Amino acid sequence: AFLSQYPSPMEKHVTAVETVEEKTDLSTGIIYRRRIATCQNVIPEILRKVTIFWEIFVLKVPDIYLEEESWLNMEKRNMAMRSHCLTWTQYASLSEESVFKESLENPNWTDFTQKGRISVTGAGLLNCVLEAFAQSFLKQGVKKVSRLL
């Protein structure tokens with residue numbers, strides 16, 4: 001399901017998505033899209049306040065920005081997506097890769113695989129807490145996608 005209006009019931013934290021590049025490779029038919037998503041900062045307020053103690057003011061922002069790239073191959077019936085966080089790059093690395101493809105068992109099914117990487121530095125003892133929060137938030141997203149498939 002392609003959502004064109006944000007926020008939506010499925011993605012309540014996404015407030016806007018802008019397609020910044022779209023092109024079709026005429027030799028393969030693969031459609032490439034690059035989008036920038038604006039999302040509400042989901043870091044709990046208590047963590048934002050505690051990180052100010054360590055002078056990490058960057059977590060206090062109201063919005064975060066994500067870049068998403070996708071490659072859609074209608075002929076092979078698959079889509080690959082890669083996204084990463086554009087905000088907080090000096091403190092955190094957050095990336096995700098997903099592949100949707102037709103199941104070999106049943107063409108009416110979709111095989112979905114996803115990998116994610118999270119790394120937080122520069123927040124002292126809070127590195128692990130922030131990583132755990134990000135991991136939990138990403139797992140919630142996987143559950144949403146799984147329900148759609």
Side-chain angles (χ1 to χ4, degrees), residues 1-48 51 56 58-123 126-149:
F2 180 76
L3 303 172
S4 59
Q5 293 205 350
Y6 295 94
S8 74
M10 287 299 293
E11 295 294 342
K12 63 183 177 181
H13 300 295
V14 178
T15 57
V17 174
E18 178 185 354
T19 300
V20 293
E21 184 178 2
E22 184 170 342
K23 59 186 175 185
T24 302
D25 183 323
L26 298 177
S27 64
T28 63
I30 295 174
I31 300 168
Y32 169 80
R33 284 191 185 107
R34 186 167 63 94
R35 305 182 322 160
I36 305 295
T38 304
C39 306
Q40 295 172 344
N41 184 347
V42 295
I43 301 287
E45 191 64 33
I46 187 70
L47 287 177
R48 292 190 224 180
T51 56
I56 304 171
V58 72
L59 297 183
K60 193 78 173 131
V61 297
D63 295 320
I64 60 169
Y65 300 94
L66 303 171
E67 179 179 63
E68 173 192 89
E69 294 178 285
S70 65
W71 296 264
L72 175 62
N73 186 329
M74 295 297 285
E75 184 180 318
K76 293 185 178 180
R77 297 185 58 167
N78 65 41
M79 182 172 72
M81 297 175 71
R82 183 174 56 205
S83 61
H84 66 275
C85 187
L86 298 173
T87 309
W88 306 323
T89 56
Q90 68 271 43
Y91 295 105
S93 171
L94 177 69
S95 63
E96 187 175 40
E97 296 176 16
S98 304
V99 175
F100 302 83
K101 64 182 182 180
E102 182 179 308
S103 172
L104 297 175
E105 293 178 44
N106 183 334
N108 295 318
W109 295 350
T110 302
D111 285 338
F112 169 64
T113 56
Q114 186 172 50
K115 297 178 197 174
R117 289 179 210 78
I118 303 164
S119 175
V120 179
T121 59
L126 289 177
N127 287 350
C128 292
V129 174
L130 291 168
E131 284 180 9
F133 175 77
Q135 183 180 32
S136 171
F137 189 75
L138 289 176
K139 284 181 181 179
Q140 290 173 16
V142 170
K143 288 178 185 175
K144 283 186 216 173
V145 169
S146 298
R147 280 181 272 180
L148 289 174
L149 299 178

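Quick caveat: nothing in here was measured; it's all calculated off a predicted structure.
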Let me confirm one number: the CZ-OG1 distance from F100 to T113, rounded to the nearest 0.5 Å. 8.5 Å
Quick one: do R35 and E22 make a salt bridge, cutoff under 4.0 Å? no
Nearest 0.5 angstrom please: I30 CD1 to M79 CE, how far? 13.0 Å
Taken to the nearest 0.5 Å, the spacing of E69 CD from M81 CE works out to 10.5 Å
The reported gap from CG in L104 to CG in D111 (rounded to nearest 0.5 angstrom) is 6.5 Å
Nearest non-hydrogen partners of A37 and V17, listed with the distance: CB-CG2, 4.1 Å
Test of understanding: with ring pair (Phe, Tyr, Trp, His ring centres under 6.0 Å), list the residues that count as partners of Y65, not counting sequence neighbours. none
Do side-chain atoms of S95 reach the backbone of S83 as a donor and acceptor pair under 3.5 angstrom? no
For N106, the side chain to side chain contact (heavy atoms under 4.5 Å, CB included) test, sequence neighbours excluded, returns N108, W109
Audit row: L66, C39, side-chain contact (heavy atoms from CB on, under 4.5 Å) steps and yes/no: CA-CA 8 Å; L66 303 171; C39 306; 3.8 Å; yes
Could you tell me the separation between the CD1 atom of I64 and the CG atom of L94, rounded to the nearest 0.5 Å? 7.5 Å
Between NZ of K101 and CG of N73, what distance do you get to the nearest 0.5 Å? 12.5 Å
Side-chain touch H84/L86, heavy atoms, less than 4.5 angstrom: yes
Could you go through K115 and E96, starting from their C-alpha distance and side-chain angles, then the distance that decides it, and tell me whether this counts as side-chain contact (heavy atoms from CB on, under 4.5 Å)? CA-CA 6 Å; K115 297 178 197 174; E96 187 175 40; over 6 Å; no
Residues which pass side chain to side chain contact (heavy atoms under 4.5 Å, CB included) with K23, listed by chain and number, not counting sequence neighbours: E21, Y32
E97 vs R117, salt bridge (Lys or Arg N to Asp or Glu O under 4.0 Å): CA-CA, chis, key distance, verdict: CA-CA 9 Å; E97 296 176 16; R117 289 179 210 78; 3.6 Å; yes
Under 3.5 Å, side chain of S103 to main-chain N/O of E105, donor-acceptor pair present? yes
Go through the steps for E102 and T110 under the test side-chain contact (heavy atoms from CB on, under 4.5 Å), then give the verdict. CA-CA 5 Å; E102 182 179 308; T110 302; over 6 Å; no
